[in-house]
Enquirer: 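Attaching a single structure in structure tokens format; questions to follow.
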Amino acid sequence: MTIPYPEHLVVVITTFIAVVIAVLLHYESLWLISRQIERSHKPHRQRILGMAFGVLLTHVAEIWLFGMTGWWLTELNNIGALRGYDSFNLLDYIFFSAVTYTTVGYGDIYATGPVRFLYGTLALTGFVLITWSASFTFIEMQKHWRVGR
């Protein structure tokens with residue numbers, strides 16, 4: 001038996017792997033950031049700013065993960081495409097990943113073909129990870145915020 005649309009299966013499996021990596025990266029990053037805050041003897045301001053930059057860096061890494069995944073699927077495997085411009089390079093894929101991850105969706109670039117599954121899932125994943133970070137930041141600030149500092 002042959003799979004009627006093997007490229008769809010490749011996109012679904014690749015998307016699943018990218019989401020698992022992103023969620024694990026997020027969990028481990030937040031865990032490390034939390035431990036750093038707890039163990040640090042640095043001034044309060046430095047700990048909170050370190051947390052904020054750590055969370056941002058984590059999101060940037062996840063955006064790059066999905067951008068490179070989309071690039072790999074479309075440019076190297078010809079599974080779907082991005083449209084909106086004449087040609088695309090890796091940074092265009094990163095940009096589209098960031099716009100999708102943050103659910104901004106400018107609309108100047110859009111995905112076609114099976115790779116749309118990756119980007120649809122990316123929007124949901126980005127939304128979940130951003131809200132997870134917001135909850136984490138709120139809880140950490142509540143635990144460590146000191147009046148008058």
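Just so you know, residue 1 is the first one in the sequence shown, and it goes up from there. Computed from a predicted structure; not experimentally measured.
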Enquirer: Closest heavy-atom contact between L73 and V10?
Expert: CD2-CG1, 4.0 Å

Enquirer: Compare every heavy atom of M68 with every heavy atom of I94, then report the nearest pair and how far apart it is.
Expert: CD1-N, 4.0 Å

Enquirer: Check side-chain contact (heavy atoms from CB on, under 4.5 Å) between V99 and all other residues, then give those that pass, not counting sequence neighbours.
Expert: F95, V104, Y106

Enquirer: In the single-linkage hydrophobic clustering (I, L, V, M, F, W, Y; side-chain heavy atoms under 4.5 Å), do M141 and W132 co-cluster?
Expert: yes

Enquirer: Grab the two heavy atoms, one from E140 and one from S34, that are nearest each other, plus how far apart they are.
Expert: OE2-OG, 3.2 Å

Enquirer: If I take atom CZ from residue F96 and atom CG from residue D108, how far apart are they, to the nearest 0.5 angstrom?
Expert: 9.0 Å

Enquirer: Check L65 against A18 and note the closest heavy-atom contact, atom names and distance.
Expert: CD2-O, 3.5 Å

Enquirer: Within the side chain of S97, is there an N or O that forms a donor-acceptor pair under 3.5 Å with the backbone of Y93?
Expert: no

Enquirer: Counting only heavy atoms from other residues, nucleotides and ligands, does the tally under 6.0 Å from CD of Q36 exceed 12?
Expert: no

Enquirer: Do V60 and I130 share a hydrophobic cluster (ILVMFWY, side-chain heavy atoms under 4.5 Å, transitive)?
Expert: yes

Enquirer: List in chain and number order the residues that pass side-chain contact (heavy atoms from CB on, under 4.5 Å) with T15, two or more places apart in sequence or in another chain; answer none if no residue qualifies.
Expert: V11, V19, F117, L118, T121

Enquirer: Are Y85 and Y119 connected in the hydrophobic side-chain network, where two residues link if heavy atoms are under 4.5 Å apart?
Expert: yes

Enquirer: Taking side-chain contact (heavy atoms from CB on, under 4.5 Å) as the test, write out the residues that go with I17, two or more places apart.
Expert: I13, I21

Enquirer: Are L24 and F66 connected in a single hydrophobic cluster, I mean Ile/Leu/Val/Met/Phe/Trp/Tyr linked by side-chain heavy atoms less than 4.5 Å apart?
Expert: no

Enquirer: Looking at V115 and G80, what are the two nearest heavy atoms and their distance?
Expert: CG1-CA, 4.0 Å

Enquirer: Consider only side-chain heavy atoms of I, L, V, M, F, W and Y, link residues closer than 4.5 Å, and tell whether F138 and W31 are in one cluster.
Expert: no

Enquirer: Can you measure from OG1 (T137) to CD1 (I48) and round to the nearest 0.5 angstrom?
Expert: 9.0 Å

Enquirer: So, the side chain of T58 versus the backbone of G54: is there a donor-acceptor pair under 3.5 Å, distance only?
Expert: yes

Enquirer: Could you check W71 against F88 for side-chain contact (heavy atoms from CB on, under 4.5 Å), going step by step and ending with a plain yes or no?
Expert: CA-CA 9 Å; W71 175 83; F88 291 93; over 6 Å; no

Enquirer: Salt bridge check: are K143 and E38 linked by an N-O gap of less than 4.0 Å?
Expert: yes

